[in-house]
Amino acid sequence: MPLTDAQITERLSGLPGCSRDGNAITRTFSHTYHETVHLAMYVAAKAREVGHHPDIHITWQRIRFDITTHDAGHRLTEKDFELARHIDAIAVGHGAQPV
């Protein structure tokens, strides 16, 4: 079920570093290029496990995750914030630095 703007704002306050971009939340980390590729693989494995998949953008020493619920008409749901928390934990475990 899509969240209201107030619910989204409340949940974002608990995820420092995440920001809203329209109907998605985004988070960017820095690391070496090869480590960002490894990070993407670990996040992809977690995404498969939880059944929710972010868009992943890798550039030189940067990786950005864009999260929205495609099945809810590209709207933000609780699943997006749960996945964002998983991504943060995985990134910290891999030594990625928030941007």
Side-chain angles (χ1 to χ4, degrees):
M1 169 177 247
L3 299 172
T4 66
D5 285 336
Q7 291 171 317
I8 292 166
T9 300
E10 176 187 333
R11 282 160 180 77
L12 278 174
S13 70
L15 287 170
C18 279
S19 61
R20 185 174 183 182
D21 183 12
N23 286 323
I25 52 176
T26 67
R27 182 80 151 117
T28 302
F29 297 92
S30 67
H31 212 319
T32 67
Y33 178 78
H34 293 288
E35 288 301 321
T36 62
V37 172
H38 289 143
L39 178 56
M41 291 171 44
Y42 281 100
V43 168
K46 180 51 115 176
R48 182 177 356 157
E49 178 185 316
V50 300
H52 194 52
H53 302 84
D55 292 334
I56 302 173
H57 308 272
I58 298 173
T59 58
W60 181 247
Q61 298 186 341
R62 294 278 191 275
I63 184 167
R64 186 182 82 235
F65 298 94
D66 296 338
I67 311 167
T68 189
T69 302
H70 303 286
D71 295 352
H74 297 276
R75 306 267 316 272
L76 288 166
T77 68
E78 191 61 46
K79 290 169 61 173
D80 301 308
F81 290 91
E82 290 170 11
L83 181 58
R85 286 187 288 276
H86 286 300
I87 290 171
D88 277 357
I90 294 166
V92 167
H94 282 84
Q97 298 298 314
V99 173

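Note that the structure is a prediction, hence the values are computed from the model and not measured.
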| query | Hey, does Arg20 have a side-chain heavy atom less than 4.5 Å from the side chain of Leu12? | reply | yes
| task | Tell me whether Tyr42 is reachable from Ile58 by hopping between hydrophobic residues (I, L, V, M, F, W, Y) whose side-chain heavy atoms are closer than 4.5 Å. | result | yes
| said: Nearest 0.5 Å, please: how far is CZ in Phe29 from CG in Leu39? | reply: 7.0 Å
| said: What I'd like to find out is whether the side chain of Phe65 reaches to under 4.5 Å of the side chain of Asp55, using heavy atoms alone. | reply: no
| said: Ring centroids only, cut at 6.0 angstrom: are His70 and His74 within range, meaning strictly under it? | reply: yes
| task | Find the distance between NZ (Lys46) and NE2 (His53) and round it off to the nearest 0.5 Å. | result | 12.0 Å
| query | Would you call Thr32 and Glu35 a side-chain contact if the rule is heavy atoms closer than 4.5 Å? | reply | yes
| field | From CZ (Arg11) to OG1 (Thr77), nearest 0.5 Å | value | 9.5 Å
| From CA spacing to verdict: side-chain hydrogen bond (donor to acceptor under 3.5 Å, both in side chains), Thr4, Gln7 | CA-CA 5 Å; Thr4 66; Gln7 291 171 317; 3.3 Å; yes
| task | Among His57, Arg64, Gln97, find the one that has a side-chain contact (heavy atoms from CB on, under 4.5 Å) with Thr28. | result | Arg64
| query | Are any of the side-chain heavy atoms of Ile63 and Ile56 separated by less than 4.5 Å? | reply | yes
| CG of Leu3 to CZ of Phe81: how many Å apart, nearest 0.5 Å? | 6.0 Å
| said: Apply side-chain hydrogen bond (donor to acceptor under 3.5 Å, both in side chains) to residues Asp80 and Thr69 and explain how you reach the verdict. | reply: CA-CA 7 Å; Asp80 301 308; Thr69 302; 2.8 Å; yes
| Between Thr59 and Tyr33, is a side chain to side chain contact (heavy atoms under 4.5 Å, CB included) present by the stated rule, with each step listed? | CA-CA 7 Å; Thr59 58; Tyr33 178 78; over 6 Å; no
| Quick one: CD1 on Ile67 to SG on Cys18, what's the gap to the nearest 0.5 Å? | 6.0 Å
| request: Go through the steps for Leu83 and His52 under the test side chain to side chain contact (heavy atoms under 4.5 Å, CB included), then give the verdict. | output: CA-CA 7 Å; Leu83 181 58; His52 194 52; 3.7 Å; yes
| remark: Closest non-hydrogen contact found for Pro16 with Ser13 is CD-O, 4.5 Å
| said: Applying side chain to side chain contact (heavy atoms under 4.5 Å, CB included) to Val50 and His86, what does each step give before you reach the verdict? | reply: CA-CA 10 Å; Val50 300; His86 286 300; 4.1 Å; yes
| Under 4.5 Å between any side-chain heavy atoms of Arg27 and Ser19, yes or no? | no
| query | Can you find a pair of side-chain heavy atoms, one from Asp66 and one from Pro54, that are under 4.5 Å apart? | reply | no
| field | Sidechain-backbone polar pair: Asp88 side chain, Leu15 backbone, donor-acceptor under 3.5 Å | value | no
| said: Distance check, rounded to the nearest 0.5 Å: His94 atom NE2 versus Ile90 atom CD1? | reply: 7.5 Å
| field | Leu76 side chain near Ile25 side chain, heavy-atom distance below 4.5 Å | value | yes
